[in-house]
Structures are given as structure tokens and as C-alpha cells.
Amino acid sequence: MLENDARVSSSNSTQLMSTQRPDNRAFNELRPLSVRFGVINGANGSAEVAFGGTSVVASVHGPVGAKGRHEQIDRTTIKVTVESFSSAPSKSAGSFFVIVNKRVFDNFIPF
Amino acid sequence: MAERIQTILQHVVFEMLHPRSLVAVTIQPTSMDGSFAQVAVNAAVCALLDSGVPMKRVAFAASCVRSDENDDHHHLLLDPTAREETAANQFLAVFDPSAPDSSLYLNHSGRFSLEEVSEVSKFLYENGVCRVNESVTAALRQRFE
């Protein structure tokens with residue numbers, strides 16, 4: 001059994017791996033998974049997925065007519081934007097994400 | 001990161017059905033503790049499922065790290081936290097849950113032999129992707145009941 005295979009090592013990284021995981025999970029175990037659909041009213045589709053302490057909100061807008069460089073005559077263009085976790089919100093983000101970012105900043109950065 | 005997710009979603013969305021149109025996917029992390037790529041891909045696919053955009057297949061991601069204690073022995077740690085991610089080689093795989101033999105996307109840092117890639121992919125499919133698929137299916141049923 002991998003879980004019972006305790007090994008002693010002088011390096012910090014292998015100590016982390018060799019005995020037990022810090023949160024007492026099995027090696028092949030996911031963190032508690034939470035999925036919520038429809039968390040953003042203004043989007044065509046949205047979901048919030050959280051694995052333990054990592055949480056992401058994703059939203060989908062479209063399909064809408066593509067213009068300029070996004071237009072492909074034979075297929076849908078998929079544009080993905082990954083907003084930064086710790087910086088100021090980008091100007092291209094929708095108002096919801098400005099609100100989310102503001103909440104994150106309010107929680108984590110003392111003013 | 002955005003380009004990688006875009007590549008994955010191009011294999012998921014039925015692109016030919018809506019030519020000359022745009023589907024914009026926005027991903028916003030709200031808390032971070034490791035395995036961000038895995039969570040971001042799964043969130044994007046869930047948002048597409050919720051939107052009703054025509055899809056060729058569903059795909060879910062799982063990630064792990066490999067601890068290198070010595071050449072003969074190593075552990076695979078599924079869904080690593082931020083602390084675990086700093087200590088080992090990482091591996092991300094995206095699978096269609098109904099097709100275990102064909103991965104849609106593989107990405108890793110560190111050295112993996114061909115046999116190890118196969119071993120890790122199987123580990124991620126069985127322990128990660130299938131369980132994510134079960135959870136998302138249950139959440140979808142709840143949403144549309």
C-alpha cells in the first residue's frame with residue numbers, strides 16, 4: 001500500500017511526499033469537490049468549481065456574431081480569458097468580474 | 001494558460017455548427033491552493049454545459065505530481081495543493097470520460113518516460129476524471145430537476 005509506505009529522507013520535499021499528505025488524504029484522493037451551475041445571471045452559462053481551497057468561476061457568453069479578427073468563415077471562434085487572481089481587474093472583463101475582484105481585494109488586502 | 005484552455009475547448013465545442021460566431025469564456029479564480037489548471041478546465045467545461053453551446057464531447061481534467069524519492073520508487077499524488085506542487089514534477093491530463101484510451105490533452109513538467117506517461121494517464125483517468133465526471137453529472141441532474 002502506498003499510504004503505508006513510510007520513508008525517511010533528509011530533504012524537505014521528499015519528507016512531504018514520503019509519509020502522509022499534509023491534509024490526510026490518500027494519494028489517489030481528490031479534495032472535496034463542489035460544482036454549482038448558473039452562478040452568474042448575465043451570462044449564457046456559468047459554473048463555479050471548487051476543489052478544496054482552489055475555486056474558479058467560469059462564464060460563457062455566446063455564440064454571438066464575430067467581428068474583425070475573431071471571425072472565421074467555417075467555424076466558431078472560442079476566446080478564453082483567464083483573469084488574474086491577485087492583480088487589478090482588466091478593462092476587458094465584465095462588470096461581474098470587477099465585483100468579484102473587488103470582493104477578493106477587500107478580503108485579502110487590508111486598506 | 002488561456003491558450004492551453006482554448007486548445008482544449010476547441011476539441012470540446014462543436015465548432016462547425018455556428019460559423020462566423022464567437023464564444024467567449026472568462027475564467028476567474030476566486031481562491032488559489034494548487035491545481036489551478038485542472039480546476040480552470042473543469043470550470044470552463046461546466047460553464048459550456050450550462051450555456052447550451054453544442055458540444056462534441058465532454059472532457060474533464062485531472063492533475064497530479066510525482067515525488068521522486070529514488071529511481072525505483074515514486075508516488076503519484078492526485079489533485080496536489082500549492083505546497084505539494086512546489087515539491088515535484090507535475091502532470092495534467094484531459095480526458096473524455098467515455099474514452100479512456102484517448103486523451104485530449106497531456107502536459108507535464110519534469111522528465112517522464114513513455115511508459116510513465118501511460119501509467120500516469122491511466123492513474124489520472126481512473127482516480128480523477130471519472131470521479132469528476134460523477135460529481136458533475138450529479139450536479140447537472142440537481143440543476144435541471
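What's counted below: heavy atoms across the whole structure, side chains too, no hydrogens, waters or symmetry copies. Naming: A, B, ... by sequence-line order, numbering from 1 per chain.
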Intermediate values then yes/no, side-chain contact (heavy atoms from CB on, under 4.5 Å), A:Leu30 and B:Leu78: CA-CA 6 Å; A:Leu30 292 169; B:Leu78 185 67; 3.7 Å; yes
Heavy-atom side-chain proximity of A:Asp23 to B:Thr81 below 4.5 angstrom: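 The answer is yes, as the side chains (C-beta and beyond) meet within the 4.5 Å cut-off.
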Let's test your reading of the structure: which of [options] forms the most heavy-atom pairs below 4.5 Å with chain B?
options: A:Val80, A:Val49, A:Asn44; value: A:Val80
options: A:Gly53, A:Ser34, A:Gly52, A:Ala50; value: A:Gly53
options: A:Ala43, A:Gly65, A:Gly38; value: A:Gly38

Choice from B:Arg131, B:Met1, B:Glu3, B:Gln10 maximising heavy atom contacts with chain A below 4.5 Å: B:Arg131
Most contacts with chain A, counted as non-hydrogen pairs under 4.5 angstrom, among B:Leu124, B:Leu49, B:Val132: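 Option with the top pair count is B:Val132.
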Hydrophobic cluster identity match, B:Phe144 and B:Leu48, side-chain contacts under 4.5 Å: yes
Co-membership, hydrophobic cluster, residues B:Met16 and B:Met55, 4.5 Å side-chain: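 Different clusters.
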Structural part of A:Leu33 lying under 4.5 Å from a heavy atom of chain B: side chain
Contacting region of [X] [heavy-atom separation from chain A under 4.5 Å]:
X: B:Val136; value: both
X: B:Leu140; value: both
X: B:Val45; value: neither

Is it true that a side-chain atom of [X] and a backbone atom of [Y] form a donor plus acceptor pair closer than 3.5 Å?
X: B:Ser21; Y: A:Thr76; value: no
X: B:Gln28; Y: A:Ala58; value: no
X: B:Asp33; Y: A:Thr54; value: no

Pairs touching residues 132-144 of chain B that satisfy side-chain hydrogen bond (donor to acceptor under 3.5 Å, both in side chains), sequence neighbours left out: B:Asp50-B:Arg143
Basic-acidic side-chain contact under 4.0 Å: A:Arg25, B:Glu84: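 Yes, A:Arg25 and B:Glu84 are salt-bridged.
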Salt-bridge present (A:Asp74, B:Arg20; N to O < 4.0 Å):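 Looking at A:Asp74 and B:Arg20, the cut-off is not met.
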Polar contact flag, side-chain donor to acceptor under 3.5 angstrom, B:Thr30-A:Ser55: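 A pair is found: one side chain offers a donor N or O, the other an acceptor, under 3.5 Å apart.
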B:Lys56 atom NZ, over 12 foreign heavy atoms within 6.0 Å: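 Above 12, so yes.
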A:Arg36 atom CZ, neighbour heavy-atom count above 12 within 6.0 Å: no
Looking at every heavy atom in both [X] and [Y], which two are closest together, and how far apart are they?
X: B:Cys46; Y: A:Val35; value: SG-CG1, 4.1 Å
X: B:Thr26; Y: A:Glu83; value: CG2-CG, 4.1 Å
X: A:Arg31; Y: B:Gly34; value: NH2-O, 3.4 Å
X: A:Lys79; Y: B:Leu22; value: CB-CD1, 3.8 Å
X: A:Phe27; Y: B:Phe123; value: O-CZ, 4.0 Å
X: A:Ala47; Y: B:Ala47; value: CB-N, 3.7 Å

Residue pair A:Val56, B:Ile27: steps toward the side-chain contact (heavy atoms from CB on, under 4.5 Å) verdict: CA-CA 7 Å; A:Val56 167; B:Ile27 292 166; 3.5 Å; yes
Full working for side-chain contact (heavy atoms from CB on, under 4.5 Å) between A:Val82 and B:Ile5: CA-CA 9 Å; A:Val82 179; B:Ile5 295 172; 4.2 Å; yes
